[in-house]
Amino acid sequence: MSEIGDLINAPFTGRTSVLETHYARIRRRQMDDFRAYSLLRLVSGYLPSRGSVLDVGCGTGGLLIFLARKGFDVRGIDRSPEMISNARASLTEAGLCADLVGLDDLKDIKGRFTAVTALDVIEHVEDDCGMLRAMADRVEEGGRLIVTVPAIPWFFSRKDIAMGHRRRYSPKALYSAVAQTGLKTVKLRYWNCCGVIPTLIATKIFRRAVNEQFRYDPSPKARFLNRVLRAWLTGVENRVDMPIGLTLLIVAERSKT
């Protein structure tokens with residue numbers, strides 16, 4: 001059976017090795033990578049000026065490092081031992097405590113946080129609504145839940161399967177899922193519009209994944225392309241709501257009583 005076939009039929013136990021490999025390759029460059037860095041900037045813009053943040057599915061710890069440097073009290077959890085190992089290495093290299101992350105289950109997290117984030121996480125789990133409710137329970141009064149997911153269900157492809165995605169979302173589907181948490185949605189928007197046309201051509205015409213090798217390539221040409229895309233995302237798309245994009249971001253608040 002092919003690798004893709006194995007992934008389709010295997011029970012979901014966390015992120016797949018394909019995704020872990022991607023993050024392991026990008027870990028040391030996550031503050032320079034066009035998508036990773038721009039997304040961190042985008043998300044931080046929807047956070048309060050200070051407070052505590054729980055990052056669910058923290059991956060290699062990029063958001064934790066970014067926010068810790070801004071003075072936030074951060075904590076990260078992930079279900080993948082490989083991700084936690086990479087996150088701890090990233091934190092240590094950044095001069096932060098490796099114990100800010102742990103291989104913890106969301107249901108075992110105590111207390112509430114100013115914000116709970118989950119960047120490209122809920123598409124990996126079967127019960128996404130249940131996970132959203134569990135995360136919402138950890139949001140304090142006046143606090144926020146910030147979630148990003150892959151958008152445009154029509155784009156679901158072999159790459160999604162290889163990355164461990166169970167679904168891509170429409171705005172209506174994501175809004176409806178978050179509405180079940182009891183939190184009030186204050187922002188729902190697309191992001192990464194610049195990737196739509198390349199993905200359309202690659203997945204629907206050539207039936208293959210978009211070539212993203214430049215994200216790992218240290219050559220001058222690859223670095224230049226990465227800088228151009230980062231400038232576009234941070235300078236334009238982070239500031240202007242686009243009519244479509246490869247990612248959906250939703251921000252929901254718990255009302256103060």
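One is the number of the first residue; the rest follow in order along the sequence.
The cluster map of Ile, Leu, Val, Met, Phe, Trp and Tyr, joined by side-chain heavy atoms under 4.5 Å apart, puts I201 and V196 in different clusters. Cluster membership for V43 and W232, using ILVMFWY side-chain heavy atoms within less than 4.5 angstrom, is shared. Under a hydrophobic clustering in which Ile, Leu, Val, Met, Phe, Trp and Tyr are joined whenever their side-chain heavy atoms come within less than 4.5 Å, directly or via other members, V74 and L103 fall into the same cluster.
Using a cut-off of 4.0 Å between Lys/Arg side-chain N and Asp/Glu carboxylate O, D128 and R133 are scored as not salt-bridged. Between K256 and E141, no side-chain nitrogen of the basic residue sits less than 4.0 Å from a carboxylate oxygen of the acidic one, so the salt-bridge criterion is not met. A salt bridge links D105 with K107: the distance from a Lys NZ or Arg NE/NH1/NH2 to an Asp or Glu carboxylate oxygen falls below 4.0 Å.
We find the CG-CG distance between L40 and L63 to be 5.5 Å, quoted to the nearest 0.5 Å. Expressed to the nearest 0.5 Å, how far OG1 of T234 lies from CG of L39 amounts to 12.0 Å. Here T60 contributes atom OG1 and E82 contributes atom CD; the two are 11.0 Å apart, rounded to the nearest 0.5 Å. Separation of atoms OH (Y175) and OG (S170) is listed at 13.0 Å; rounding is to 0.5 Å. Here the straight-line distance linking atom CZ of F72 with atom CZ of F66 works out to 9.5 Å at 0.5 Å rounding. Separating the CG atom in L64 from the SG atom in C97 is a distance of 11.5 Å, to the nearest 0.5 Å.
Under the 6.0 Å distance and 45° angle rule, R227 does not count as a cation-pi partner of F224.
No side-chain donor-acceptor contact under 3.5 Å links E93 to the backbone of L91. Judged purely by atom type and a 3.5 angstrom limit, T185 has no side-chain atom pairing as donor or acceptor with the backbone of K187. No donor-acceptor pair under 3.5 Å is formed between the side chain of D78 and the backbone N or O of M83. S176 places no side-chain N or O within donor-acceptor distance of the main-chain N or O of A173, the cut-off being under 3.5 Å. With hydrogens and angles disregarded, no donor-acceptor distance shorter than 3.5 Å links the side chain of H165 to the backbone of H124. With hydrogens and angles disregarded, no donor-acceptor distance shorter than 3.5 Å links the side chain of S52 to the backbone of D73. At least one donor-acceptor pair closer than 3.5 Å links the side chain of R167 to the backbone N or O of E126. Remark: the backbone N or O of I250 is not paired with any side-chain donor or acceptor of R189 at under 3.5 angstrom. Side chain of N226 to backbone of F34: a donor-acceptor contact under 3.5 angstrom is found. Under the 3.5 Å distance criterion, the side-chain polar atoms of R254 are matched with a main-chain donor or acceptor of V139.
Side chains of I77 and D55 form no contact here, defined as non-hydrogen atoms less than 4.5 Å apart. Within the 4.5 Å cutoff, the side chain of R75 has heavy atoms near those of the D104 side chain. Side-chain contact between Y46 and L249 is present, with at least one heavy-atom pair separated by less than 4.5 Å. Using a 4.5 Å heavy-atom cutoff, the side chains of M131 and V121 are in contact. Residues E237 and Y190 are not in side-chain contact: their nearest non-hydrogen atoms beyond the backbone lie 4.5 Å or more apart. Residues P150 and L246 have side chains not in contact (no heavy-atom distance under 4.5 Å, counting atoms from C-beta outward). Residues R88 and V101 are in side-chain contact: their nearest non-hydrogen atoms beyond the backbone lie under 4.5 Å apart. Residues R168 and D160 form a side-chain contact, since some pair of their non-hydrogen atoms from C-beta on lies under 4.5 Å apart.
For NZ of K70, the number of neighbouring non-hydrogen atoms (other residues, nucleotides, ligands) closer than 6.0 Å is 12 at most. Heavy atoms from other residues, nucleotides or ligands lying under 6.0 Å from CZ of R223 number more than 12.
Remark: the N238 side chain and the W191 side chain contain an N/O donor-acceptor pair separated by less than 3.5 Å.
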Mind running side-chain hydrogen bond (donor to acceptor under 3.5 Å, both in side chains) on T247 and R35 for me, showing each step along the way? CA-CA 11 Å; T247 294; R35 186 183 188 277; 3.0 Å; yes
